[in-house]
Amino acid sequence: MGSEIEFRSELAVDFIDKMGHDPRLVLAWLAFPPAPPAAEAAQGSVKGRLKFLIDKRHGTPFECSALTVRVHAPIKVWREWHRHRVGWSYNEESGRYKQLEPVFYLPPPDRPLMRREGFKSSNPTLDIATPEEYDLLCASLKYGYRVAYGQYEVMLEAGVDRGLARDVLGVGIYSACYCTCNPRSIMHFLELRTEEAAARRPSKPLWEMHKVAKKLEAIFAEHWPLTYELWNAHGRCAP
Ligand SMILES: Cc1cc2nc3c(=O)[nH]c(=O)nc-3n(C[C@H](O)[C@H](O)[C@H](O)COP(=O)(O)OP(=O)(O)OC[C@H]3O[C@@H](n4cnc5c(N)ncnc54)[C@H](O)[C@@H]3O)c2cc1C
């Protein structure tokens, strides 16, 4: 009861595991038998072949690898991330078997967050808050989080089902999730959830979604560098 609330701005995306690499995608396309030539041996021709696949939108070879990350982010991020149904497997921490940690999201001061004159929902452009505006926002969020978590603990103390007591908590509380996905669906996710001028079909994601997507993008780029480079050159459109 009366737990100390932790306020956090960090959005964490941590590498857990992966299966495959760029050459494996080509070997999958060629449907090589179980004892294929060493992936390294195919390296010389890998880039050209991957380019061919991306240019021709031959997408299924890009499903023949997988990446697992652990993401720790507020539930508002999960609401949007979980909309990506194809190619993704998720396991989120339970709010029924254990008490949720009192960790809540506060935007950092450099997060554009103020609607100004002429604001359009269809093309949202936000301004950085003044220190006064930022203080007001943080005070409101902190107040709401404290009241909500306090009532959550009152209900838990009274013996209310954890799966119901959590209803009082908003979408600013953090939750952790293991996410496993193939490169094709990762590219599709990044196309929609990053804001990049170089994209052929630019998107306007939520700021926090862009931040977590950029962290995922860095991990993807490290492990599938050729695919990543070609996808960028292709206007960041998934095959
Ligand atoms: C900027 C932005 C604003 C958004 N605003 C809203 C909003 O206001 N409200 C809201 O509800 N959502 C909103 N979304 C979520 C959006 O509508 C998608 O649900 C989400 O981006 C997942 O995309 P997806 O369906 O392409 O991905 P996935 O679910 O991973 O699907 C991948 C692809 O598979 C195919 N596919 C999957 N399921 C089907 C199906 N049932 N039938 C046919 N084809 C299918 C499609 O080609 C799809 O692109 C928004 C997304 C963005 C990026």
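No experiment lies behind these values; they were computed from the predicted model shown. These values consider heavy atoms only, across backbone and side chains, with no hydrogens, waters or symmetry-generated copies. Note that ligands are numbered from 1 as they come in the structure, with each ligand's atoms numbered from 1 the same way.
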query = Heavy atoms, side chains only, cut-off 4.5 Å: are W29 and F52 in contact?
reply =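 W29 vs F52: side chains touch.
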query = Can you tell me how far CZ of R193 sits from CE of M209, rounded to the nearest 0.5 angstrom?
reply = 4.5 Å
query = Other than V86, which residues form its hydrophobic cluster under the rule that side-chain heavy atoms must be closer than 4.5 Å?
reply =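 Taking Ile, Leu, Val, Met, Phe, Trp and Tyr as members, V86 stands alone, with no cluster partners.
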Output side-chain donor-acceptor pairs under 3.5 Å for residues 54-61, partner residues at least two apart or in another chain, one line each.
unit_1	atom_1	unit_2	atom_2	d
D55	OD2	K51	NZ	2.7

Can I get a per-line list of side-chain donor-acceptor pairs under 3.5 Å for residues 145-158, giving both atom names and the distance, sequence neighbours left out?
unit_1	atom_1	unit_2	atom_2	d
Y145	OH	Y105	O	2.7
Y149	OH	Q99	NE2	3.0
Y149	OH	L100	O	2.5
Y152	OH	L100	N	2.9
E153	OE1	G2	N	2.7
E153	OE1	S3	N	2.9
E153	OE2	S3	OG	2.6
E153	OE2	Q99	NE2	3.1

task = Using heavy atoms and a cut-off under 4.0 Å, could you grab the residues that are in contact with ligand 1, chain by chain, numbers ascending?
result =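 Its neighbours under 4.0 Å (heavy atoms only) are R83, H84, R85, V86, H188, L192, R193, S203, K204, given by chain and number.
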request  = Decide, yes or no, whether a salt bridge links E217 with R236 under the criterion of side-chain N to carboxylate O below 4.0 Å.
outcome  = yes
